2 protein chains.
Amino acid sequence: MKFEAVTIKDIAKALGLSTSTISRALRDSHEISAETKQLVLECAEKLNYKPNPIALSLKEKRSRSIGVVVCEIANSFFSQVINGIESIAYDRGYNVIVSQSHESYDREVVDLQFLSSRSVDGLIISLATETTDLSHIKALHDRGMPIVLFDRITEEINTHKVIVDNYRGAYDATEHLIKNGFKRIAALAGSEFLSITSERLAGYNDALKAHGLEYSKEYVQHCYYGGMVFSEVEEAVNKLLTLKKRPDAIITTSDKLTTGCLRTLKRRGISIPDEIGMIGFSNYDIAELVDPPLTVIRQPAEEMGKAATELLLQLVESKRPVKEFEKRVLTPELQVRASAIKR
Amino acid sequence: MKFEAVTIKDIAKALGLSTSTISRALRDSHEISAETKQLVLECAEKLNYKPNPIALSLKEKRSRSIGVVVCEIANSFFSQVINGIESIAYDRGYNVIVSQSHESYDREVVDLQFLSSRSVDGLIISLATETTDLSHIKALHDRGMPIVLFDRITEEINTHKVIVDNYRGAYDATEHLIKNGFKRIAALAGSEFLSITSERLAGYNDALKAHGLEYSKEYVQHCYYGGMVFSEVEEAVNKLLTLKKRPDAIITTSDKLTTGCLRTLKRRGISIPDEIGMIGFSNYDIAELVDPPLTVIRQPAEEMGKAATELLLQLVESKRPVKEFEKRVLTPELQVRASAIKR
DNA sequence: GTGAAAGCGCTAACAG
DNA sequence: CTGTTAGCGCTTTCAC
């Protein structure tokens, strides 16, 4: 089952030259005569020679590959981010190695360890829900591994970061609900430890405050697994529905929470937006086709992936250690549809 | 920006032993004394030694990574497949390198060439729409590269394949429409050259025939880019809508075609299923939340990814050349909802 | 039981 | 201009 590749040696033998000559000719070195180059190139072509990147990696101590860790690939937001990552990586000649944490800290540790030991040149990471201890990432970072964090980030690690303005997104969404006459606005959020959760909830809180609306602790439900487990969402939504002062709208702070919430409401036959208004973070491209058309805060996911990759490759390819890091904050888009407009 | 790793040499130096002894001790060779092993292991632990897989790859001519080529990552079906691939690969200690063809033949060629030259141990491929010439894949296959094809496959390459019973899925879906009183059933399909297109259309045709329904060529519209380009879908749907004998139902043969068709119909204010019934291949997990709830033929995407990976690793790890190949045909599921039921 | 040496494919310093 | 040699990290004969 091996796959015998043509090496520089084969060309050398075929041409009666030394391997170094071949190597130089292939790299178009100026110290090789035009004729020899010509000869070598032709022969390489004929034998279908392909340089062995493994050998190169061993020599150069870089693999031209980058590792990506997300909680889940089969998620509209993350798959779009990966799409963006892949497209830039492709343009720059890098491979993308994808792995999933499934929101598990242990799995994230293993993934990262695996990727770094596989000599990826850099890492693009969105933290797992369970992750509170960051020493595994810090250790890599301290040892010089280029890292870019996106979406679920942490201030504890000083490196490039790419996020959207989560505060703004949630603030605007909440305000949108308020302006549309909703008064008892609940929030369905992910784990409290996630950066996106606190940022988004802060926007939600401040919008309520700014409009003099009451903020009630029981109006904020956390789903530790952020929607990965549907039953958790269902339970949380049900809890909201049984409050004495039942909310008249819900804002959801992530993709899976949004669909989980919608699914629960629809299964219970609750009419949206009449009984309950809905707005949520979501990157589904069919939000407009949903019943009712879903008002969403959409993240420029592909852009985020592209930005993260550009920043990462900047680190990877930098000659000198980078000390100044950038937090790139993109703008989420509020796509207004029927689910959050009282009729 | 380098990342200085501890090597076997460092341990050797620290312990005053030779690198070969260290190597053997680490691999728990029987020709090393228990004490030495103990010593080496402790030292390795202390120095946080991690074997360099690149060096190993160079030696063993395998990289413990597999390459995946799909047309698009940000697609519910493919992201679910990749999820399945990643999970098995992870369990078996392999990395997954993902790349996208974006339905382009040229891009597929480059992707494959890139991946194989990066010494992936095997490839999991779903063909691009544009691909009709298979020589690039054949060449790899002939040179011994383990390959598993899924979803969009070809009979021209004799290797393991994983698909669903596309014929059955389309047949059942069409029959479902017929049994629900639809009589003029159109099909919106992808490129004619794709295996999934012909298989699914065959099921569609045969179901029509079996029920004595007229088959009209103009009822079958092909979108060459299979929904990647929305305008193409829109145009095709519009063409169907302007036929003198306007269809009363449409079956769509892929994820993007399904959403594209639905989007077009909704934008035009056409009521589903009253004016036109709809059924389509789709792996969106929110098909039930769409308006109207969408009847879909759902593929067991994650299973497919898992099966493909298991078959691939079987090839990769086989000692002797494999001559017998398997075509694994999974069963698609018809999820019946409102969009295909006359009311 | 342990070490020396060769080699995986390639590059680069050093000789001619 | 071209060849020789060493070396990237590791395994694996072959010696001792």
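Note that the structure is a prediction, hence the values are computed from the model and not measured. Numbers restart at 1 for each chain; the letters A, B, ... are given by sequence-line order, proteins then strands.
The backbone N or O of L112(B) lies less than 3.5 Å from a partner atom in the side chain of S116(B), making a donor-acceptor pair. Within the 3.5 Å criterion, the main-chain N or O of N75(A) finds a donor-acceptor partner in the side chain of S79(A).
Between L26(B) atom CG and dT12(D) atom P there is a gap of 13 Å when expressed in whole angstrom units. Rounded to whole Å, atom C1' of dT2(D) lies 13 Å from atom CD of E35(A). Between I8(B) atom CD1 and dA5(C) atom P the separation is 17 Å, expressed in whole Å. Atom C1' of nucleotide dA12(C) and atom CD1 of I32(A) are separated by 12 Å, given to the nearest angstrom. Between R64(A) atom CZ and dC10(C) atom C1' there is a gap of 16 Å when expressed in whole angstrom units. Rounded to whole Å, atom P of dG9(D) lies 8 Å from atom CG of D10(B). With rounding to whole Å, K13(B) atom NZ is found 15 Å from dG3(C) atom P. Going from atom CG of L39(B) over to atom P of dT2(C) covers 10 Å, rounded to whole Å.
For T21(B), the listed nucleotide lying nearest its side chain is dT2(C); candidates were dT2(D), dT12(D), dT2(C). Taking only side-chain atoms of K59(A), from C-beta outward, the nucleotide of dC10(D), dC14(C), dG9(C) with the closest atom is dG9(C).
Using a 4.0 Å heavy-atom criterion, one finds that R27(A) contacts the sugar-phosphate atoms exclusively. Backbone-only contact: T7(A) has heavy atoms under 4.0 Å from sugar-phosphate atoms and none from a base. Among the heavy atoms of the strands lying under 4.0 Å from L58(B) is at least one base atom, whether or not backbone atoms are also near. At the heavy-atom level, I54(A) lies nowhere under 4.0 Å from the strands shown.
Neither OP1 nor OP2 of dG1(C) sits under 4.0 Å from any side-chain N or O of T36(B). Between dT11(C) and S23(A), a contact under 4.0 Å exists linking OP1 or OP2 to a side-chain N or O. Close to dT2(D), at under 4.0 Å from its OP1 or OP2, lies a side-chain N or O of S33(A). Proximity of K37(A) to the phosphate of dC1(D): no side-chain N or O atom is located under 4.0 Å from OP1 or OP2. For K9(A), a side-chain nitrogen or oxygen approaches OP1 or OP2 of dC8(C) to under 4.0 Å. The phosphate of dG9(C) has OP1 or OP2 within less than 4.0 Å of a side-chain N or O from K61(B).
Ion pair E86(B)/R107(A) flagged as a salt bridge, since at least one NZ, NE, NH1 or NH2 atom sits closer than 4.0 Å to an Asp/Glu carboxylate oxygen.
Atom CG of L47(A) and atom NZ of K50(A) lie 10.5 Å apart (nearest 0.5 Å).
Closest of all the heavy-atom pairs between R152(A) and F78(A) is NE-CZ, 4.0 Å.
Both H30(B) and A55(B) lie close to DNA chain C; mapped to their nearest nucleotides by heavy-atom distance, the more 5′-ward contact belongs to H30(B). Mapping E31(B) and Y49(B) onto DNA chain D by nearest heavy atom places Y49(B) closer to the 5' end of the strand.
Remark: the S20(B) side chain and the dA4(C) base include a donor-acceptor N/O pair separated by less than 3.5 Å.
Tested against I137(A), the residues T154(A), V69(A), L127(A), L123(A) include a single side-chain contact (heavy atoms from CB on, under 4.5 Å) partner, L127(A).
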